[in-house]
Enquirer: 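I have a structure here, written as structure tokens, and I will follow up with some questions on it.
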Amino acid sequence: MARRQYPFHLIEPRWQQFWLAGETFRAFNPGEAVPPLHPFARRHGTPDKTGQTDLLPPKYYILDMFPYPSGAGLHVGHPEGYTATDILARYRRAKGFNVLHPIGWDAFGLPAEQYAIRTGQHPRITTAGNVANFRRQIRSLGFSYDWSREVDTTDPGYFRWTQWIFLQLYNSWFNPASNRAESIATLVFPPDCTTESQRRALRDSKRLAFVSEAPVWWCEALGTVLANEEVVDGLSEVGKHPVVRKPMRQWMLRITTFADRLLADLDTIEWSDSLKEMQRNWIGRSEGAEVDFQLAAHPARLRVFTTRPDTLFGATYMVVAPEHRLVDEITAPARRAAVDAYRAEVAKKSDRERTDATGKKTGVFTGAFAINPVNGEQIPVWIADYVLATYGTGAIMAVPAHDQRDLAFARQFELPVRPVVQPPDPTADPIGFCDAGTAINSAGAGIALDGLPTPDAKQKITAWLESNGLGQKTVNFKLRDWLFSRQRYWGEPFPILWRTDADGTPYHEALPESSLPLLPPALEEFKPTSDGQPPLARATDWVREIPGATRELNTMPQWAGSCWYYLRYLDARNDSRFVDRAAESYWMGTAGAAATPGVDLYVGGTEHAVLHLLYARFWHKVLFDLGHVSTPEPFFKLVNQGLILGADGQKMSKSTGNVVNPDEILAEYGADAFRLYEMFMGPLSETKPWNTQGVEGVYRFLGRVWRLFVDEASETEFEQRLAAEPGRGADFLGQIQLAANVVETEPSAAQLKALHACIRKVTDDLEHLRFNTAISAMMMFVNEALPWERKPASILKGFLQLLAPFAPHLAEELWERLHAHVGQTPPSLSYADWPRHDPALLVEDTLELPVQVNGKLRDVIHVPAAATAADIEAAALAAEKAQPFIAGKTIRKVIVVPRRLVNIVVG
RNA sequence: GCCGGCGUGGCGAAAUGGCAGACGCGCUAGACUCAAAAUCUUGUUCCCGCAAGGGAGUGGGGGUUCAAGUCCCUCCGCCGGCACCA
């Protein structure tokens with residue numbers, strides 16, 4: 001244990017208690033009374049209670065990604081993002097914004113339930129313990145959260161509204177005509193839809209939350225289904241257990257209807273290009289055409305999707321997915337055995353095996369032929385597992401000349417390859433060319449494309465197909481509907497009842513909003529039942545509580561609670577609405593002085609790049625369409641923090657034993673040093689390795705800050721007393737005096753310049769999230785200020801304001817002492833106006849200019865700031881150390897870059 | 001394979017096209033000390049040189065420019081995402 005640089009162990013708890021007790025960081029909603037003594041009121045006045053949002057300062061909503069309170073506690077990766085947002089929240093508060101900076105717990109989830117299955121301890125108890133630990137750890141870091149807005153997804157006061165939002169989805173449909181979600185009541189029944197059960201069936205087929213009997217990923221080990229995206233390489237994302245496909249009745253959310261808007265609105269928000277690209281890839285929009293091929297010797301048509309209808313003349317065979325519904329019908333008797341064998345083989349393969357064999361293609365001929373509509377040619381129909389049943393129409397026309405996969409398949413099975421696109425380079429081989437070129441070999445009875453560039457050819461053939469009833473322009477998406485039910489206990493129960501109609505057909509109906517929240521039943525045993533029913537089936541009384549009905553046994557996935565938590569923060573204690581309208585429009589930036597539509601800054605890890613961020617955007621758009629929120633997008637600006645690796649450069653994990661526990665770092669160096677190090681390591685978005693020695697570096701810096709202010713003799717005395725009576729540290733702390741050379745005096749020009757250069761750099765860096773270089777600027781200031789014989793209080797105050805967002809405990813302590821030292825009452829540091837630099841103080845009288853000869857540095861000259869280009873040129877040509885490189889050569893050019901350098905070009 | 005990002009001292013890193021390596025870690029030498037820790041001071045990209053000084057240098061190669069870590073082309077390596085999506 002290194003010698004303690006300064007008594008952070010006494011200072012930090014003191015200020016944490018002060019902030020908590022005074023609710024220093026409480027954010028005030030429109031219409032809310034602000035206590036007159038609160039520092040927010042002292043700075044901004046107390047807006048009257050009429051709810052005039054324009055009386056509040058502009059809002060700034062700065063959000064951290066919702067943590068899951070795991071049993072392992074906080075990991076040094078969590079506080080990286082939290083520290084960045086906390087620094088910015090404190091900075092924005094000082095800049096005069098009304099800052100909303102909340103935290104809460106995404107506390108439903110599998111680990112607590114699995115623990116319950118093993119030990120019988122109720123997940124509520126496990127969860128409460130984990131939340132308490134997370135809260136303690138987060139508070140120990142001194143973050144400026146508004147604790148009055150803390151939320152917990154497992155709290156009935158919270159999930160009541162999660163269930164309410166589900167009912168909004170359940171009671172809505174997507175109207176393609178208006179391109180938005182609308183109440184299911186606006187659905188118009190066709191004239192032949194007259195009976196109650198017909199109407200119910202139609203509505204149920206349109207709802208945004210619907211029931212589907214779909215093949216889903218079943219994980220035996222977890223006892224639940226998983227969404228497609230929770231299955232990675234044929235294993236569960238959580239715990240890496242095997243999963244199998246199994247048809248089951250499930251709740252789905254119709255996210256696919258929003259695919260176009262989810263894609264288009266990415267252009268309206270400030271996210272990183274890579275993140276937007278990930279979302280675009282996930283949505284996977286692709287434009288093309290559906291084309292019908294008449295089967296020879298069979299009445300049916302085979303519909304395919306292609307993005308290259310212009311290559312129709314190059315189609316030399318067809319492939320349908322082995323699961324395609326027409327396979328049975330079209331297979332020729334002679335090929336039946338081979339087709340059945342292939343299908344059986346494919347069915348056995350896991351998805352991983354099916355996609356693993358990259359390049360190597362398998363498939364069999366069905367014996368059927370299809371007729372190419374453009375030239376009447378009969379081409380063979382194959383089945384192969386490289387065509388997916390779930391994408392497009394589950395069938396393709398194969399154009400081996402211009403598609404890598406088709407080409408590999410054609411070569412494997414010696415199928416013909418016919419080039420129909422000429423690359424722009426006339427000498428290039430058209431075979432295997434997959435980009436845009438010029439159509440060739442593409443003329444038939446009714447249509448010819450030869451000579452047309454690819455885009456024109458696409459357009460022409462599509463128009464021809466449409467006018468002949470053979471196909472049409474189509475857009476396909478990779479995005480699938482969202483599998484929304486889980487067979488678990490520790491999640492939100494669905495507010496849904498099942499009944500049976502007169503014909504014995506089961507149907508579902510929603511519980512009324514007034515009955516929310518629907519609490520999970522009390523259970524002793526959390527396992528699924530022996531006959532494979534979800535754990536909720538064990539609560540037989542609860543399931544049959546409503547006469548004539550049974551409850552839905554599934555629960556919602558963990559994503560549900562995290563899809564809207566950022567809205568609950570706006571008005572976390574409201575029990576009559578999920579969020580008050582005025583609070584929503586103020587904080588989301590559609591009322592009042594702020595301009596940012598949505599969360600101003602959202603910081604979190606890339607692991608949520610697609611799932612959470614796509615789901616939350618989807619829910620937000622539904623709520624927007626239904627008039628419950630005022631912005632089309634939830635998160636205006638989003639920044640991904642980089643991963644923090646272990647000291648060995650490996651990902652931190654229990655198995656490699658390189659995990660750093662923040663509690664230990666805090667005990668030895670304190671929260672301020674920890675915060676500073678997390679930011680000093682490098683740019684926020686980069687992946688970087690942890691190095692505890694680096695913590696010592698910033699810790700020493702904080703020690704130098706301390707010594708910049710305090711009187712050494714009084715501190716030595718403090719240390720001695722503390723050593724004698726360690727328990728009385730808080731009493732002795734007051735005996736530390738500031739140094740006698742800290743005085744109220746006019747600062748010198750050099751002192752002003754040091755401070756103002758620091759203000760400029762720190763402010764600019766904070767605006768651009770460059771925390772590491774801001775810290776280095778503060779280090780330079782302290783290094784310069786330490787030897788000062790007289791330290792003007794005004795300069796030190798300015799510096800403490802800059803330091804405050806980064807190391808708030810030390811800054812508060814010194815701020816208080818500094819004011820007392822010069823006989824003043826300190827204003828709240830958290831709400832003190834952010835200093836502004838005065839450019840006039842930074843003007844240099846003389847400039848140091850490098851002199852280059854042919855681009856190489858040879859000398860440095862000093863010239864008056866006001867020197868003309870001609871003066872500078874003359875001085876440069878006279879520069880002593882440049883002479884040997886100029887002598888005897890012709891000066892071709894002299895480049896004078898004002899305030900930068902001089903380059904003498906000789907030859 | 002495709003898409004995105006990144007390659008700079010022993011290490012973390014810095015650098016609106018304009019003095020590469022700020023700031024910090026580590027190391028070096030010194031001051032203080034009985035000694036150590038802590039602190040303070042010095043030096044620290046590499047090569048040649050006692051020094052003055054010179055040369056090379058931002059993954060490799062090429063280009064644009066008076067001037068390139070920065071812009072362009074190409075290759076190599078690492079990280080993240082997607083992965084037969086027609």
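Throughout, a chain's letter reflects where its sequence line sits, starting with A, and its residues are numbered from 1.
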Enquirer: Output the rounded distance in Å from CG (A:L684) to C1' (B:G12).
Expert: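 It works out to 15 Å between those atoms.
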Enquirer: Could you state the atom-to-atom distance from CG of A:N281 to C1' of B:C2 in whole Å?
Expert: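 In whole Å, B:C2 C1' and A:N281 CG are 9 Å from each other.
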Enquirer: Answer with yes or no whether A:K478 presents, from its side chain, a donor or acceptor under 3.5 Å of a partner atom in the base of B:C82.
Expert: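 No such pair is found, so the answer is no.
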Enquirer: Take the protein atom CG of A:L857 and the nucleotide atom P of B:A56, then report the distance between them rounded to whole Å.
Expert: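 Atom CG in A:L857 sits about 13 Å away from atom P in B:A56.
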Enquirer: Specify the separation, in whole Å, of atom CE of A:M278 and atom C1' of B:G81.
Expert: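 These atoms are roughly 5 Å apart.
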Enquirer: With rounding to the nearest 0.5 angstrom, report the CZ to CG distance, A:F781 to A:L802.
Expert: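 Here the rounded value is 8.5 Å.
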Enquirer: Treating a pair as Watson-Crick (purine N1 to pyrimidine N3 plus N6-O4 or O6-N4) or G-U wobble (N1-O2 and O6-N3) with both distances under 3.5 Å, list the stems of 3 or more consecutive pairs that involve RNA chain B.
Expert: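 Stems (3+ consecutive pairs) listed as B:1-7 with B:76-82, B:10-12 with B:23-25, B:29-31 with B:39-41, B:45-48 with B:53-56, B:59-63 with B:71-75.
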Enquirer: Could you check how far CG of A:N854 sits from P of B:A67, rounded to whole Å?
Expert: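 Distance check: A:N854 CG to B:A67 P gives 8 Å.
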Enquirer: Please work out which of the three classes, parallel, tilted or perpendicular, describes the rings of A:F799 and A:F701, given edges at 30° and 60°.
Expert: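 Taking A:F799 first and then A:F701, their aromatic rings stand perpendicular (interplane angle over 60°).
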Enquirer: More 5' along RNA chain B: A:D273 or A:Q5, using each one's nearest nucleotide?
Expert: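 Residue closer to the 5' terminus by nearest nucleotide: A:D273.
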Enquirer: Whole-Å distance between B:C82 C1' and A:L388 CG?
Expert: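 The answer, rounded to whole Å, is 14 Å.
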Enquirer: If you assign A:G682 and A:L849 each to the RNA chain B nucleotide with the nearest heavy atom, which residue ends up on the more 5' nucleotide?
Expert: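 That would be A:G682.
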Enquirer: So, A:R675 side chain and A:A807 main chain: donor-acceptor pair closer than 3.5 Å or not?
Expert: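 Side chain of A:R675 to backbone of A:A807: no pair is present.
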Enquirer: State the syn/anti category of B:G49 according to its glycosidic angle, syn meaning within 90° of 0.
Expert: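 Here the answer is anti: the torsion falls beyond 90° from 0.
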Enquirer: Does the cation-pi check pass for A:R480 over A:W217, that is, NZ or CZ under 6.0 Å from the six-membered ring centre and within 45° of its axis?
Expert: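 Not flagged: A:R480 not positioned over aromatic ring of A:W217.
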Enquirer: In this structure, how many angstroms lie between the P atom of B:C2 and the CG atom of A:D403, rounded?
Expert: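 Whole-Å distance recorded here is 14 Å.
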Enquirer: Going by the angle between their ring planes, with limits at 30° and 60°, are A:F413 and A:F409 parallel, tilted or perpendicular?
Expert: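 Ring orientation of A:F413 relative to A:F409: tilted.
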Enquirer: Any N or O donor-acceptor pair under 3.5 Å from the base of B:U39 to the side chain of A:R704?
Expert: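 Side chain to base: no pair below 3.5 Å.
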Enquirer: Do we get A:K361 above A:Y386's six-membered ring, with its NZ or CZ under 6.0 Å from the centre and within 45° of the axis?
Expert: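 Pair A:K361/A:Y386 counts as cation-pi.
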